[in-house]
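Here is the structure we will look at, set down as structure tokens.
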Amino acid sequence: VTVRFSYNKNLQTFVVPSNAIANSICIDASGGPGGAGTAALPTGAGGPGGTLNLVPSLSAGQSLQIYVGQGGASATAIGGPVGGVGGGGAGGPGAGGGGGSTQVFTSGSMLLATGGGGGGGAATAGGAGGPTSGNSVGSGLPGTNSTGTGGGGATGSTFGAAGVGG
């Protein structure tokens with residue numbers, strides 16, 4: 001059985017079924033992608049969110065709290081877009097916002113987190129988000145150009161940096 005969780009602005013919950021076999025729950029998590037810069041070229045693309053696969057030791061009835069990171073907004077000609085919910089940094093003018101971090105908690109403790117992708121600039125692509133675990137830090141480096149810098153992707157424990165104007 002596959003259960004998918006998508007970004008919806010809310011904390012989501014999964015309860016391990018009573019008939020689950022030990023070590024049979026596999027979590028595949030990805031951070032939100034970075035938004036694209038104003039260029040219609042692949043070089044201004046937002047970076048992909050980091051990915052992480054984990055088979056945690058869970059018990060039947062145990063609850064997981066899941067926060068799915070939003071993708072960063074693509075650039076507009078007017079100004080920088082917002083970053084993805086989950087900590088993505090806003091992009092500078094002409095650059096995409098950083099993606100948000102996806103995080104999974106159990107019993108109030110972080111089980112895993114994946115970094116959001118960096119927002120793309122008009123000339124360079126955003127970096128891929130780093131996979132993280134616990135409170136380790138991964139990074140989604142922003143793309144850059146002469147008009148603006150893409151927002152930084154969020155990590156498991158930090159918000160992405162805002163982009164800057166050129």
Side-chain angles (χ1 to χ4, degrees), residues 1-20 24-37 44-76 78-91 95-120 125-143 150-163:
V1 174
T2 299
V3 179
R4 293 190 189 276
F5 293 90
S6 300
Y7 170 75
N8 74 359
K9 296 184 183 179
N10 299 311
L11 189 66
Q12 301 171 67
T13 302
F14 173 78
V15 178
V16 178
S18 60
N19 61 350
S24 66
I25 305 287
C26 179
I27 300 172
D28 294 319
S30 296
T51 59
L52 184 66
N53 303 57
L54 181 68
V55 180
S57 178
L58 299 171
S59 303
Q62 192 169 357
S63 178
L64 298 177
Q65 294 76 44
I66 302 154
Y67 191 81
V68 178
Q70 180 185 29
S74 292
T76 64
I78 300 170
V82 297
V85 173
S101 173
T102 293
Q103 303 170 14
V104 179
F105 298 87
T106 183
S107 303
S109 297
M110 186 180 290
L111 185 62
L112 68 86
T114 61
T132 65
S133 60
N135 287 321
S136 300
V137 176
S139 65
L141 299 176
T155 66
S157 58
T158 62
F159 292 119

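All values below were derived from every heavy atom in this structure, side-chain atoms included, with hydrogens, water molecules and symmetry-related copies excluded. Model, not experiment: these values are computed from the prediction.
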Please name all residues satisfying side chain to side chain contact (heavy atoms under 4.5 Å, CB included) with Asn10, sequence neighbours left out, ordered by chain then number.
Asn8

Can you name the side chain to side chain contact (heavy atoms under 4.5 Å, CB included) partners of Phe5, sequence neighbours left out?
Val3, Gln12, Phe14, Ile66, Val68

Can you check whether Ile27 reaches Leu112 side chain to side chain, under 4.5 Å on heavy atoms?
yes

Run the side chain to side chain contact (heavy atoms under 4.5 Å, CB included) test against Thr13 and tell me which residues pass, sequence neighbours left out.
Val15, Ser63

Rounded to the nearest 0.5 angstrom, the OG-CD distance for Ser6 and Gln70 is 12.0 Å

Measure from the side-chain N and O atoms of Ser30 to the backbone N and O of Thr51, and report whether any donor-acceptor pair falls under 3.5 Å.
no

Side-chain contact test, heavy atoms from C-beta onward, threshold under 4.5 Å: evaluate it for Leu111 versus Leu54 and give yes or no.
yes

List the atom of Ala60, the atom of Pro17, and the distance in Å for their closest heavy-atom pair.
CB-O, 3.5 Å

Does Asn19 have any side chain to side chain donor-acceptor pair (under 3.5 Å) partners at least two apart in sequence or in another chain, and if so, which?
none

Between Thr102 (side chain only) and Gly69 (backbone N and O only), is there a donor and an acceptor less than 3.5 Å apart?
yes

What pair of heavy atoms forms the shortest contact from Asp28 to Cys26, and how long is it?
OD1-SG, 3.8 Å

Is the closest side-chain donor-acceptor distance between Thr106 and Gln65 under 3.5 Å?
no

